[in-house]
Structure formats: structure tokens, C-alpha cells
There are 2 protein chains.
Amino acid sequence: MAGSRGDKYYDVFLDYRVWLKTVNNEGIMGEGCFGLLKDIKLSGSLKQAADKQEMSYRKAWGIVRKSEDLLGFKLVDKQRGGKDGGHSYLTPEGEDLISAYEELRDDITQSIKRVTKKFFNKINKQ
Amino acid sequence: MAGSRGDKYYDVFLDYRVWLKTVNNEGIMGEGCFGLLKDIKLSGSLKQAADKQEMSYRKAWGIVRKSEDLLGFKLVDKQRGGKDGGHSYLTPEGEDLISAYEELRDDITQSIKRVTKKFFNKINKQ
DNA sequence: CATCGATATGTTAATATAAACATATCTACA
DNA sequence: TGTAGATATGTTTATATTAACATATCGATG
């Protein structure tokens, strides 16, 4: 029976989240912002990135703005008007941030995998 | 200036959270529940544990109940009535869970520290 | 110089989460 | 046998987070 003592806990798992935050505990960047920035890099458009991430443009714009406001510098170089209506590109700082974050996330994923294995070994032995 | 390019990012840091969850993505245990269980172990009382964690008894009780409901077994052996009004002790399963979780958390803390160092080295070099 | 499509942003409605309030139940012990 | 103090739980209020709606602006190009 699911959850009962003695089964192998196949129905539970360890989950985690990481954020870059200000010392004032305000979230600068998490998975949402990261995904957005990555898709901006791919598509050259905040709107397209928002669509890809299945969030409203309003929300996506707000996430980027908050992040930039907290950091004090631009992550995205945004242009409006013109034939295509506008476009968005990552600034060098934006590029730096997502590559560092990606590396961070990969590293933590490994850690979590290792710890998860250990955790469930321990639990299942008991 | 805080946040501006070129400073050492002293004003930002990496934060994280971990949870034990059901595959249905319901939280079984996080820091809140862990802290409670630990204080129940120390005090022998859900009420005292709630006070220690600075949360209402109602909330504490709900956290433990949800956790137990999802797992399908008891984490706390609760007795009511009597001279002292009642008491709560961890079940062997509860003991197992907090010791495993504690080990898990310690391990992840180490991982995060290592990754944080790497992250900020990278960021600050750029 | 009108259009189109993306950026920009205020406002309001809907949900979800958490806090607060209220009240009942249990039982060793004086 | 009434009391005290902790467990047990429904209900409601408040708060925070997210989604939805509405509307303005910009500017290369036909």
C-alpha cells in the first residue's frame, strides 16, 4: 500500500529549489527567470520567450524587470517598434548570469541525486 | 553601489529549500515539519514544539497531520488527557525520518556551500 | 504616415496560503 | 468528580501571490 511502512517509498521523492537572492531576502532569479532568459537568448524576443515558458507576457516582463531592478543593471537589451514590433537580446551581464546559474544548477542537481540515493538507501534499510 | 556591475556581489546570496514530496507533488516534509518533529522529540509536546517554532498550535497540528496522512503512517504518538493534559512522542518512524532528513540537509548544505563558492568565484571573475 | 507586432505598465479579479478565532474532547489526579 | 492542560478540528478572516484585463507606446517599413 502506498506510503505504508515496508514499501520502497517509490511514491515519494526529494525536491528542491534554488534562488539567487538579495540579503534582504528578495528573489532575484529562480527557475522561472532562468528559463525566460534562456528563451530570450534563443528567440530574441520576450514575447516568444513568455509563450515558450507558458506564461503571460505581463508576468514575464515583470520577472525580468524585478530582477534587473534588484541587481541594478540590465539583463536584457530591449528595443521596441520597427517592422517586427521589437526585440530583446541578453546583455553580456545577462549571458554571464545564465551561464553561471546553469552551471550552478547542474552541480546542485548532481548533489541532490547523490544525496537522494543515500537518503533512500538509508530509509529503505530501516 | 549595491548591485551595480563591478562590486563583489556581497549583497546577494544563494538560497535553497528541500522537500520530501509525494509523486503527486504534495509536500510531506520541509523545514517547518522537520523543526516541529525535532522539538516534539525534545519537549514531548506538540504545543511546546509549536511555541518553540513560533507557530500556532493549529498550524503545527495541521502540518503533522498532513504529513502523516500523506505517508500513511504515524510520525507522532499523541496522547491527550491526564494531569499534564497530554503529550506527544515521536514514533520510531518519526525518529527515522528526522534523522534521515537531518543527514540529508547537512549533506545538501555542504553541496550548496561548495557550489556557492564556485558560483561567486565565477561571477566575480567576469 | 498608417500599420503591425512587440515592448511597457497600471489596474483589477481570482486563488492560494496562512493566520486567527472558536470550541470540543480527553483523562490522570487532587 | 471537577479541573487543568494538552490534543483535536471546523470555520472564518486576512494576506499574499498569481492571473487576467485593458491600454499605451514605439518605430522600421510599405
Side-chain angles (χ1 to χ4, degrees), chain A residues 15 17 19 21-22 24-37 39-70 74-91 94, chain B residues 15 17 19 21-22 24-37 39-70 74-91 94:
Chain A
D15 199 6
R17 289 192 199 171
W19 299 268
K21 285 187 175 180
T22 66
N24 207 28
N25 212 42
E26 294 181 285
I28 296 171
M29 183 160 102
E31 274 301 301
C33 186
F34 170 72
L36 263 181
L37 294 179
D39 280 332
I40 288 173
K41 181 185 173 73
L42 286 174
S43 66
S45 159
L46 177 52
K47 179 173 179 10
Q48 279 183 245
D51 289 347
K52 200 77 173 290
Q53 295 287 314
E54 295 182 69
M55 66 173 75
S56 69
Y57 174 84
R58 182 65 182 80
K59 180 176 180 181
W61 177 85
I63 287 173
V64 174
R65 157 146 197 187
K66 184 188 175 194
S67 197
E68 290 179 332
D69 283 355
L70 289 171
K74 294 290 178 190
L75 297 171
V76 181
D77 187 11
K78 288 153 280 187
Q79 300 289 319
R80 64 179 176 179
K83 182 191 172 191
D84 299 323
H87 55 255
S88 293
Y89 303 121
L90 294 191
T91 62
Chain B
D15 198 8
R17 289 191 198 171
W19 299 269
K21 286 188 175 181
T22 67
N24 207 28
N25 213 42
E26 293 180 287
I28 296 171
M29 182 160 103
E31 273 303 300
C33 185
F34 170 71
L36 264 182
L37 294 179
D39 281 332
I40 289 173
K41 181 184 172 75
L42 287 174
S43 66
S45 159
L46 177 51
K47 178 173 177 13
Q48 279 183 246
D51 289 346
K52 200 77 174 290
Q53 294 288 314
E54 295 181 73
M55 64 173 79
S56 69
Y57 175 84
R58 182 66 182 78
K59 180 176 179 179
W61 177 85
I63 286 172
V64 173
R65 157 146 199 188
K66 184 188 174 192
S67 197
E68 291 180 331
D69 283 356
L70 289 172
K74 295 290 181 193
L75 297 172
V76 181
D77 187 10
K78 287 153 280 186
Q79 301 288 320
R80 63 181 177 178
K83 180 192 174 192
D84 299 324
H87 54 254
S88 294
Y89 304 121
L90 293 192
T91 62

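Throughout, a chain's letter reflects where its sequence line sits, starting with A, and its residues are numbered from 1. Values reported hereafter were calculated over all heavy atoms of this structure, with side chains retained and with hydrogens, waters and symmetry mates removed.
The residue Gln48(A) sits apart from the nucleic acid: no heavy atom pair falls under 4.0 Å. When heavy atoms are screened at a 4.0 angstrom cut-off, Gly81(A) is found touching base atoms of the nucleic acid. If you check every strand for non-hydrogen atoms under 4.0 Å, Lys83(A) touches a base.
Shown here for Ile40(A) and Ser88(A), the closest heavy-atom pair between the two residues is CG2-O, 3.6 Å. In this structure, Val76(A) and Leu37(A) approach most closely via the heavy-atom pair CG2-CD2, 3.7 Å.
Checking the phosphate oxygens (OP1, OP2) of dA19(C), no side-chain nitrogen or oxygen of Arg58(B) falls inside 4.0 Å. The shortest distance between the side-chain N/O atoms of Lys78(A) and the OP1/OP2 oxygens of dT7(C) is not below 4.0 Å. Phosphate contact (OP1/OP2 of dA6(D), side-chain N/O of Ser88(B), threshold under 4.0 Å): absent. Contact annotation: Trp61(A) side-chain N/O to dA8(C) OP1/OP2 distance is under 4.0 Å. Applying the 4.0 Å criterion to OP1 and OP2 of dT7(C), one finds that Ser45(A) has a side-chain N or O inside that range.
Each end of the helix from dC1(C)-dG30(D) to dA30(C)-dT1(D) gets its own rotation axis from five pairs of C1' atoms, and the angle between them is 10° to the nearest 10 degrees.
Judged by distance alone, with hydrogens and angles left aside, the side-chain atoms of Glu26(A) form no donor-acceptor pair with the main-chain N or O of Leu70(A) at under 3.5 Å. With Thr91(A) contributing its side chain and Lys74(A) its backbone, the two residues share a donor-acceptor pair below 3.5 Å. In terms of modelled atom types and a separation under 3.5 Å, the side chain of Ser67(A) and the main chain of Ile28(A) share a donor-acceptor contact.
Within a 6.0 Å sphere centred on NZ of Lys47(B), heavy atoms belonging to other residues, nucleotides or ligands number 12 at most.
One can place NE2 of His87(B) at 21 Å from P of dT25(C), the figure rounded to the nearest angstrom. Atoms OH (Tyr57(B)) and P (dG10(D)) sit 13 Å apart, rounded to a whole Å. One interatomic measurement links the two molecules: CZ of Arg80(A) to P of dT7(C), which rounds to 11 Å at whole-angstrom precision. The CD-C1' distance, from Gln79(A) to dC4(C), rounds to 17 Å in whole Å. Atom CZ in Arg65(B) sits about 8 Å away from atom C1' in dT9(D), given to the nearest Å. dA6(D) atom P lies 17 Å from atom CG of Asp77(B), rounded to whole Å. Atom CD1 in Ile63(B) sits roughly 9 Å away from atom P in dA19(C) (whole-Å rounding). Protein atom CG of Asp84(B) is 22 Å distant from nucleotide atom P of dT25(C), rounded to whole Å.
Two residues, Leu46(A) and Lys59(B), neighbour DNA chain C, and the one matched to the more 5' nucleotide by heavy-atom proximity is Leu46(A).
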**OP:** Under the side chain to side chain contact (heavy atoms under 4.5 Å, CB included) rule, what do Leu36(B) and Met55(B) come out as? Steps first, then yes or no, please.
**Re:** CA-CA 10 Å; Leu36(B) 264 182; Met55(B) 64 173 79; 4.1 Å; yes
